[in-house]
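Data block below; observations after.
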Amino acid sequence: MDKMIQTARGELIITNDGATILKSTQALHPAAKMLVDLSAAQDVEVGDGTTSVVILAGSLLGAAQKMLAKGIHPTMIAQSFTKASVKAVEYLTEMSIPIQLSDSASLLRAASTSLNSKIMSQYSSTLAPIAVAAVSRLATQSSSDVDLRDIRIVKKVGGTIEDTELVENGLVLHQNAITDAGGPTRVESAKIALIQFQLSAPKPDMDNVVIVSNYLQMDKINKEKRRYLGNLCIKIKKTGCNVLLIQKSILRDAVDALALQYLSQMKILVVKDIERDEIQFLSKTLGCKPIADIEAFSEEKFGRAELVDDVSRLGSRLLKISGIRNMGPTVSLVAMGSNKVVLDECERSLHDALCVVRCLVKKRALIGGGGAPEIHVSRMLSEYANSLKGVESYCFHAYAEALEVIPVTLAENAGLDAIAIVTELRNRHALGERNAGINVRRVSLHICYLALAIAHSRNLKGLVSDVLDEDVVQPLLVSTSAVELATETVCLLLKIDDYVQAR
């Protein structure tokens, strides 16, 4: 289910993303804060499974609590849990399916599965191919990772999610061309300069008050200002620059009205308020170098493009730079939506899909979803526990049982009878169907049948099926990371015997 969150500033968030929900909560207890950090760590490592990792950690803590009540020492529990997590990762790796980055169909299946659990699930056919195409442009067969900071999502209100697109051989800015002084909004054969100095009258380092007593002094000040700004603009024009991107300034105006008037007369397109964190992306994409001083302003530091155009799309304006010469390895996406809440959730969904595809670059293997891997690992760990002796065997059994919380939660969220579903899953896996999982897509068609099936003790065929045949897959790294991080956090908490609040 989704959550509606109202922040302290009155902003509204509607999402089911675990990391976003936990980040918005105000956890007070240190142990609760550790679970929030656990979700954030999963988000950083793989970008998906942020809800599953917290649910799994909670189940492991519940299993540990039962063993503590029976008098088992916490150190023994922690050691056994660590060994069990290693075996769990081995079993997950054994059941995984290796893939190649050239297999776009497998990448698309993984991205679609990630989106199917989001609010934007009905738009998975639009967003999944965009996510796969974006990461595929940055990754090569020899790549071991992809920096998602090279993928930029620009959000614009207007249209629907289906209007979201990937920009081909170009760049999109959410800032618009300045037209206050009649400047151009379209430039062909663009020479683009990215500057970090201000086109406005200089200010002293210390606050000073200057008293002007007559009009001659006022005229002299204005004349000097015009001369100063005029010289700056002339130097810019002499280099052949016709598109100017100006970094946002906090000390004084990045560009004032007089400078805009001069630049407009010189037919130079101006874009201001470029954020500091956008500089690296823009310089990498355009192949230009940031210019910090007018004396360093030269043509060698320019980026070049066939067209820079301030376009209107579905009621929103954005600046599009296309035909970039020697474009760097970056990708721009334009996310469209009817309002800010929808756009924010679209961005989160796209981020998760991008992270899923990135996981397949880091570890190129897929496993089934729908609770199938958890049930398989639980069964294998239980069998392995039978070969152990003493307390360790008991701890392995408890760890294996705790893993079943994932299919139980999935069944409950789908409106199914969790006990009946998990029982059927165990039966299928015992018969050798290790990829049998919950087929949530058929739930709505079988919800009435389910009640009859339970009442008459029939099997649940149609609700439990081979998830690989249903294209319900996820990266191996998502599951292995969730198991390892959850176990590590639980073991850390188990080794704490007292809570002292220092002052």
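- Side-chain contact between L245 and L286 is present, with heavy atoms from C-beta onward closer than 4.5 Å.
- Interatomic distance, I438 CD1 to L410 CG, rounded to the nearest 0.5 Å: 4.0 Å.
- Side-chain contact annotation: S102 with Q100, donor-acceptor N/O pair under 3.5 Å absent.
- Residues that satisfy the side chain to side chain contact (heavy atoms under 4.5 Å, CB included) test with E94, not counting sequence neighbours, are Y91.
- Side-chain N or O atoms of N176 include one that pairs as donor or acceptor with a backbone N or O of R317 at under 3.5 Å.
- When all heavy atoms of V377 and A88 are compared, the pair lying nearest together is CG1-CB, 3.6 Å.
- Judged as a salt bridge (charged side-chain N to carboxylate O under 4.0 Å, His left out), and not counting sequence neighbours, the contacts of K83 are E392.
- There is no side-chain donor-acceptor pair under 3.5 Å between S322 and E306.
- A cation-pi arrangement, defined by a distance under 6.0 Å to the six-membered ring centre and an angle within 45 degrees of its axis, is present between K87 and Y384.
- Checked for salt-bridge contact, K248 and E278 miss the test: no charged N lies under 4.0 Å from a carboxylate O.
- Here E345 does not pair with K340 in a salt bridge; the nearest charged N to carboxylate O distance is not below 4.0 Å.
- Of the possible polar contacts, none joining the S378 side chain to the I375 backbone as a donor-acceptor pair under 3.5 Å is found.
- Put simply, the side chain of K363 reaches to within 4.5 Å of the side chain of T480, judged on heavy atoms.
- By the 4.0 Å N-to-carboxylate-O rule, K155 lies close enough to D344 to be salt-bridged with it.
- Using modelled atom types, one side-chain atom of K362 and one backbone atom of E45 make a donor-acceptor pair closer than 3.5 Å.
- V271 pairs with exactly one of L319, L244, I246 by the side-chain contact (heavy atoms from CB on, under 4.5 Å) rule, that one being L319.
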| message | Let's go through I151 and V135 carefully: what are the C-alpha distance in whole Å and the side-chain angles of both, what is the deciding distance for side chain to side chain contact (heavy atoms under 4.5 Å, CB included) to 0.1 Å, and is it a yes or a no? | response | CA-CA 8 Å; I151 301 175; V135 176; 4.2 Å; yes
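- Under the 3.5 Å distance criterion, the side-chain polar atoms of D43 are left unmatched by any main-chain donor or acceptor of S39.
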| task | For R186 and D309, run salt bridge (Lys or Arg N to Asp or Glu O under 4.0 Å): C-alpha distance rounded to whole Å, both residues' side-chain angles, the deciding distance at 0.1 Å, then the answer. | result | CA-CA 4 Å; R186 177 186 173 91; D309 193 9; 3.2 Å; yes
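- Under 3.5 Å, the side chains of S121 and S124 contain no donor-acceptor pair of N or O atoms.
- The backbone N or O of H174 lies less than 3.5 Å from a partner atom in the side chain of K156, making a donor-acceptor pair.
- Atom CG in D48 sits 10.0 Å away from atom NE2 in H351 (nearest 0.5 Å).
- For the residue pair Q42/S481, the side-chain donor-acceptor check at 3.5 Å is satisfied.
- With hydrogens and angles disregarded, no donor-acceptor distance shorter than 3.5 Å links the side chain of Q196 to the backbone of P290.
- A side-chain N or O of T487 and one of Y399 form a donor-acceptor pair less than 3.5 Å apart.
- T82 places a side-chain N or O within donor-acceptor distance of the main-chain N or O of A78, the cut-off being under 3.5 Å.
- Checking each of D147, D150, T285 against T330 for a side-chain hydrogen bond (donor to acceptor under 3.5 Å, both in side chains) leaves exactly one that passes, namely T285.
- In this structure, CG in L476 is found 9.0 Å from CD in Q474, a value given to the nearest 0.5 Å.
- Taking the side chain as every heavy atom from C-beta outward, M336 and I161 never approach each other to under 4.5 Å.
- Atoms CG and OG1, on L350 and T164 in that order, are 6.5 Å from each other to the nearest 0.5 Å.
- Shown here for L425 and P407, the closest heavy-atom pair between the two residues is CD1-CB, 3.9 Å.
- The closest donor-acceptor contact from the side chain of S59 to the backbone of I55 lies at 3.5 Å or more, if one exists at all.
- Side-chain N or O atoms of D256 include one that pairs as donor or acceptor with a backbone N or O of A259 at under 3.5 Å.
- Counting non-hydrogen atoms of other residues, nucleotides and ligands closer than 6.0 Å to CZ of R137 gives a total above 12.
- Here the closest heavy-atom approach between residue C233 and residue Y262 is recorded as SG-CB, 3.7 Å.
- Among all heavy-atom pairs drawn from G437 and V467, the shortest one is CA-CG1, 3.6 Å.
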| task | Would you check, one step at a time, whether the test side chain to side chain donor-acceptor pair (under 3.5 Å) holds for S200 with Q198? | result | CA-CA 6 Å; S200 58; Q198 294 79 34; 5.9 Å; no
| salt bridge (Lys or Arg N to Asp or Glu O under 4.0 Å) between E404 and R379: does it pass, once the steps are laid out? | CA-CA 10 Å; E404 294 183 355; R379 178 173 167 273; over 6 Å; no
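- To the nearest 0.5 Å, the span separating CD1 on I421 from CG on L416 amounts to 5.0 Å.
- Side-chain atoms of S112 come within 3.5 Å of backbone N or O of L108 as a donor-acceptor pair.
- Contact check for K289 versus S283: no side-chain heavy atoms found under the 4.5 Å cut-off.
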| message | Is there a side chain to side chain contact (heavy atoms under 4.5 Å, CB included) between F297 and I291? Walk through the geometry before answering. | response | CA-CA 6 Å; F297 201 94; I291 304 172; 3.7 Å; yes
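- Taking the charged nitrogens against the carboxylate oxygens, R109 and D471 do have a contact shorter than 4.0 Å, which makes a salt bridge.
- Residue L366 holds its CG atom at 8.5 Å from OG of S96, rounded to the nearest 0.5 Å.
- Atom CG of D277 is surrounded by more than 12 heavy atoms from other residues, nucleotides or ligands within 6.0 Å.
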| Step by step, would you call V154 with L173 a side chain to side chain contact (heavy atoms under 4.5 Å, CB included)? | CA-CA 7 Å; V154 176; L173 298 177; over 6 Å; no
